[in-house]
Asker: 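Let me begin by handing over the structure; questions about it come next.
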Amino acid sequence: PSRYKNCKFKTFIPQTLYQKRALRLCKEFFKLYPFVDKGLVLYGPPGVGKTHLAVALLINILKYKGLRGRFVDFRNLLIDIKTTFDTKESSQELLHRVMEVPLLILDDVGAERTTDWAKDILSTIINYRYTNSLPTIITTNLTFDSPLDDSFSSRFGERTESRIYEMCKLIRVE
Ligand code: ADP
Ligand code: MG
C-alpha cells in the first residue's frame, strides 16, 4: 500500500531500546530468510513502528530474495471475505490464497471487532501455517502478558495463542 512505501529499515530511527531491538531482530530475520524456523509477533501500543518494521522486512525480502510474500491487513481481510461470502467458493479461494503465501504479514490483528467468526478465520490461518511450516509475521496492539481484555488470549483463545508462541518469536515494541 502507498502509505507504507517509505517504510524501510533505513528510515526507521529507533527511539527506545525496544525499537532498537525490534529493528535488529527484523533485520536478522531478513538475512536468514527463508531459513528461519520461526515467524515474528511485533506487539505493543499504536504508533511505535510495528507496521513500519513489518513492511520494511517484506519489501526487502521481495526485492533482495525474490521470494513471494504478502501484506494483509487483518481487518480488511475479514471485510474481503465477507464481501465474497455469497459466492462461497471464492471466499474460500481468497482465504486459501492468503494462507498459502510463503511469507505472510498479518497486520493489526485485534483491531477488528473480534467475533467468533473472526476468531475462526485467524485460527484457520494460523493452523494452516503451523501445519505447513510457513513463517508468519503478526503485528498487534494486543498484549501477551496479561489476562486483561486487550490480551491476545482473551480475544482469540488460548489455543491460537499457544500455537503462536510455538510459531513465532514475540517482540515487544514500545
Ligand atoms: P504501529 O504499527 O506500531 O501502530 P506504524 O508503524 O504505523 O505504527 O507507525 C506510525 C508512523 O510512524 C508511520 O508513519 C511510521 O513510519 C512512523 N514511525 C514509527 N516509529 C518510527 C521510527 N522509529 N522511525 C521512523 N518512523 C517511525
Ligand atoms: Mg500498525
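All ligand and atom numbering here is 1-based and tracks the order in the structure. Atoms considered below: every heavy atom in the structure, side chains included; atoms not considered: hydrogens, waters and symmetry mates.
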Asker: Name the orientation class of the two ring planes belonging to Phe74 and Phe156 (parallel below 30°, tilted from 30 to 60°, perpendicular beyond 60°).
Answerer: perpendicular
Asker: N or O contacts of ligand 1 with protein under 3.5 Å, please list pair by pair.
Answerer:
unit_1   : atom_1 : unit_2 : atom_2 : d
ligand 1 : 2 (O)  : Thr51  : N      : 2.9
ligand 1 : 2 (O)  : Thr51  : OG1    : 2.8
ligand 1 : 3 (O)  : Val48  : N      : 3.2
ligand 1 : 3 (O)  : Gly49  : N      : 3.1
ligand 1 : 3 (O)  : Lys50  : N      : 2.9
ligand 1 : 3 (O)  : Lys50  : NZ     : 2.7
ligand 1 : 4 (O)  : Gly47  : N      : 2.7
ligand 1 : 6 (O)  : Thr51  : N      : 3.3
ligand 1 : 6 (O)  : His52  : N      : 2.8
ligand 1 : 8 (O)  : Gly49  : N      : 3.2
ligand 1 : 16 (O) : His52  : ND1    : 2.7
ligand 1 : 23 (N) : Ile13  : O      : 2.7
ligand 1 : 23 (N) : Gln19  : OE1    : 3.4
ligand 1 : 24 (N) : Ile13  : N      : 2.9

Asker: Enumerate the salt bridge (charged side-chain N to carboxylate O under 4.0 Å, His left out) contacts for residues 100-118, please, sequence neighbours excluded, ordered by first and then second residue.
Answerer: Arg68-Glu100, Asp116-Lys119
Asker: Please check if the number of heavy atoms outside Arg163 that lie under 6.0 Å from its CZ is greater than 12.
Answerer: yes
Asker: Is the Tyr128 ring parallel, tilted or perpendicular to the His96 ring (thresholds 30°, 60°)?
Answerer: perpendicular
Asker: Can you confirm if the aromatic rings of Phe71 and Tyr4 lie within a centre distance of less than 6.0 Å?
Answerer: yes
Asker: Could you tell me if Lys65 sits above the aromatic ring of Tyr33, with its cationic atom closer than 6.0 Å to the ring centre and no more than 45 degrees from the axis?
Answerer: no
Asker: Can you name the residues that form a side chain to side chain donor-acceptor pair (under 3.5 Å) with Thr131, not counting sequence neighbours?
Answerer: none
Asker: For the Mg ion (ligand 2), check which protein N, O or S atoms are under 2.8 Å away and list them.
Answerer: Thr51 OG1
Asker: Closest heavy-atom contact between Pro45 and Asn141?
Answerer: C-OD1, 3.9 Å
Asker: Closer than 3.5 angstrom, by distance alone: can the side chain of Glu161 be matched with the main-chain N or O of Gly157 as a donor-acceptor pair?
Answerer: no
